[in-house]
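Below is one structure; the comments refer to it alone.
Any value given below was found using the heavy atoms of this structure, including those in side chains, with hydrogens, waters and symmetry copies removed.
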Amino acid sequence: MINDRGPVVHQALLVHRLVELRRERDMTQIEVAKSMEWSHAKLMRYEGGSQVLPKADLDGLLKLYGVVDTPQGRELQSIGQKAREKPWWHPNRHVMQLGYRHFIGLEMGADKIRQYQTFLIPGLLQTREYAHAICVELAPEENVDRLVDIRMGRQGVVLTRNPVPEQTYILDEAVLKRRIGGRDVMVRQLHRLVEAASSVNIHIVPEDTGYHRGLEGGFTLLDFDDDLPSVRYTEDRGECVVSEKEADVRASSDAFDNIVEKFALSAEDSLLLIGKHIKNSESA
């Protein structure tokens, strides 16, 4: 599966498989760097994913590992070519934090998306006017439209993929009551949630629920069907952080499952509760 997933995921997949090849050959980073006449730091940048491999360097590694003219080597060359493409958000990269850019790049190629939100509607489910009401409070005026365009672009890219990633969202009930953008904007946003519920899983945690681990902060988990490890994305005081640490992912995954099983309403009851809030808002 190497198509339609974006350069960030292709880069991650390429790095993962190259590291596997090196270890299968029982070679250290220092030995590979010496064979390639590179500095150790250069190989570390490549294997750490912070620098995309040029075609010539990738071809050199494939030759060193003995796969350059094999089906495996040709697949890696194809993945490398896709990793070198510019992402769809490249023209607006200067208005986004590095962590956020990395996240939406991974999101584009994820096979499963799980998100817990305490304050806001998830970005992939927001209406344009709801997103604008948020961005206008977070960014300089000249960047607002670009940030909204990025959020809408994420929806266009992720929700039109084939296949569309499996998605499950948990929202605190307070998210439904917080009138971002005013009553009319919020009513339309709630109707958008109802529409989305036909293709994604939405669970609401009632406002009278006691303590649960989600109250420690919202998070997003991205899972992949191939060999790539799952990642966790968090935002804290304006800082965007993507973590591939197994302990971080496991802790948030356990918390997510615990909230769904013990505290959140079923998808059917959650939809009824959203409908109740629509009626309350429309009659207010």
Side-chain angles (χ1 to χ4, degrees), residues 103 107 112-138 148 151-152 154-155 158-159 164-223 232-238 240-241 249 251-284:
F103 164 66
E107 177 187 69
K112 184 176 180 180
I113 300 172
R114 294 175 287 165
Q115 186 175 131
Y116 171 74
Q117 269 285 2
T118 55
F119 303 116
L120 299 170
I121 301 294
L124 290 178
L125 305 180
Q126 291 176 7
T127 64
R128 186 176 187 89
E129 55 188 353
Y130 183 97
H132 186 277
I134 295 170
C135 292
V136 77
E137 300 295 335
L138 296 177
V148 175
R151 195 156 301 190
M152 296 301 102
R154 286 171 55 201
Q155 295 180 13
V158 173
L159 303 183
V164 175
E166 177 186 343
Q167 299 165 71
T168 303
Y169 301 96
I170 307 175
L171 314 179
D172 270 4
E173 186 178 0
V175 173
L176 308 180
K177 301 173 72 173
R178 184 169 293 110
R179 292 187 173 180
I180 304 296
R183 190 198 73 165
D184 292 344
V185 169
M186 196 63 205
V187 168
R188 287 189 286 271
Q189 175 62 74
L190 293 178
H191 278 292
R192 171 72 183 95
L193 283 186
V194 173
E195 295 169 3
S198 64
S199 57
V200 305
N201 302 306
I202 300 175
H203 297 276
I204 307 298
V205 178
E207 61 183 350
D208 59 357
T209 300
Y211 175 82
H212 57 82
R213 282 182 277 177
L215 294 176
E216 297 175 7
F219 55 85
T220 303
L221 294 164
L222 303 177
D223 303 304
R232 183 187 72 179
Y233 173 73
T234 56
E235 295 179 359
D236 184 21
R237 290 186 282 273
C240 305
V241 180
V249 173
S252 292
S253 184
D254 289 347
F256 192 91
D257 292 342
N258 178 262
I259 298 168
V260 169
E261 294 169 6
K262 294 182 62 176
F263 300 101
L265 299 176
S266 67
E268 294 78 10
D269 289 342
S270 295
L271 194 57
L272 292 174
L273 184 57
I274 295 171
K276 175 183 174 182
H277 280 284
I278 290 175
K279 291 181 179 179
N280 291 342
S281 297
E282 288 178 335
S283 62

### Task
Give, for atom CD of Q126 and atom CG of L193, the distance between the pair rounded to the nearest 0.5 Å.
10.0 Å
### Task
Say whether, by atom type as modelled, one donor and one acceptor occur between the side chain of R128 and the main chain of M152 under 3.5 angstrom.
no
### Message
Which residue in the set Q115, E107, E235 passes side-chain hydrogen bond (donor to acceptor under 3.5 Å, both in side chains) when paired with T220?
### Response
Q115
### Task
May I have the step-by-step check of side chain to side chain contact (heavy atoms under 4.5 Å, CB included) for I202 and L271, ending in yes or no?
CA-CA 8 Å; I202 300 175; L271 194 57; over 6 Å; no
#### Entry: Y169 side, atom OH; L124 side, atom CG - distance, nearest 0.5 Å
4.0 Å
### Message
Testing the basics here: between T234 and G218, what is the closest heavy-atom pair and its distance to 0.1 Å?
### Response
CG2-O, 3.9 Å
### Message
Please find the pair of heavy atoms, one from S281 and one from R179, that lie closest to each other, and give the distance.
### Response
CA-NH2, 3.9 Å
### Task
Report yes or no: do R232 and S252 form a side-chain donor-acceptor pair below 3.5 Å?
yes
### Task
Over 60° means perpendicular and under 30° means parallel, so classify the ring planes of Y233 and F103, tilted if in between.
parallel
### Message
Donor-acceptor pair, distance only, cut-off 3.5 Å: does the side chain of Q189 make one with the backbone of L176?
### Response
no
#### Entry: Between CZ on residue F219 and CZ on residue R114, distance to nearest 0.5 Å
8.0 Å
### Task
State, yes or no, whether a side-chain contact exists between K276 and L272 at a heavy-atom distance under 4.5 Å.
no
## Note on the structure
Nearest heavy-atom contact between H203 and A264 is CB-CB, 3.8 Å
### Query
Can you check whether P122 reaches L171 side chain to side chain, under 4.5 Å on heavy atoms?
yes
### Query
Do D236 and V241 come close enough that some side-chain heavy atom pair is under 4.5 Å?
no
### Query
If you take all heavy atoms of E195 and S198, which pair is closest and at what distance?
O-OG, 2.8 Å
### Side-chain heavy-atom pair V158, I113 within 4.5 angstrom cut-off
yes
### Query
Checking S283 side chain against K279 main chain: does a donor-acceptor pair fall under 3.5 Å?
yes
### Task
Quick one: pull up CE in M186 and CD1 in I278 and give me the separation to the nearest 0.5 Å.
9.5 Å
#### Entry: Minimum-distance pair of heavy atoms, taken over all atoms of R154 and G123
NH1-CA, 4.2 Å
### Summary
Rounded to the nearest 0.5 Å, the CG atom of L125 sits from the CG atom of L159 at a distance of 7.5 Å
## Note on the structure
CZ (R188) and OG1 (T127) are apart, to the nearest 0.5 Å, by 7.5 Å
### Task
Compare all side-chain heavy atoms of R178 with those of D172 and state whether any distance is below 4.5 angstrom.
no
### Task
Check the pair D254 / R213 against side chain to side chain contact (heavy atoms under 4.5 Å, CB included), numbers first and verdict last.
CA-CA 9 Å; D254 289 347; R213 282 182 277 177; 4.1 Å; yes
### Message
Would you say that R192 contacts I121 through its side chain, given a criterion of any heavy-atom pair below 4.5 Å between the two side chains?
### Response
no
### Query
Y116 side chain to A255 main-chain N or O, any donor-acceptor pair under 3.5 Å?
no
### Query
For I274 and L190, which heavy atoms make the closest approach, and how far apart are they?
CG2-O, 3.8 Å
### Query
Just by distance, do the side chain of S199 and the backbone of A196 share a donor-acceptor pair under 3.5 Å?
yes
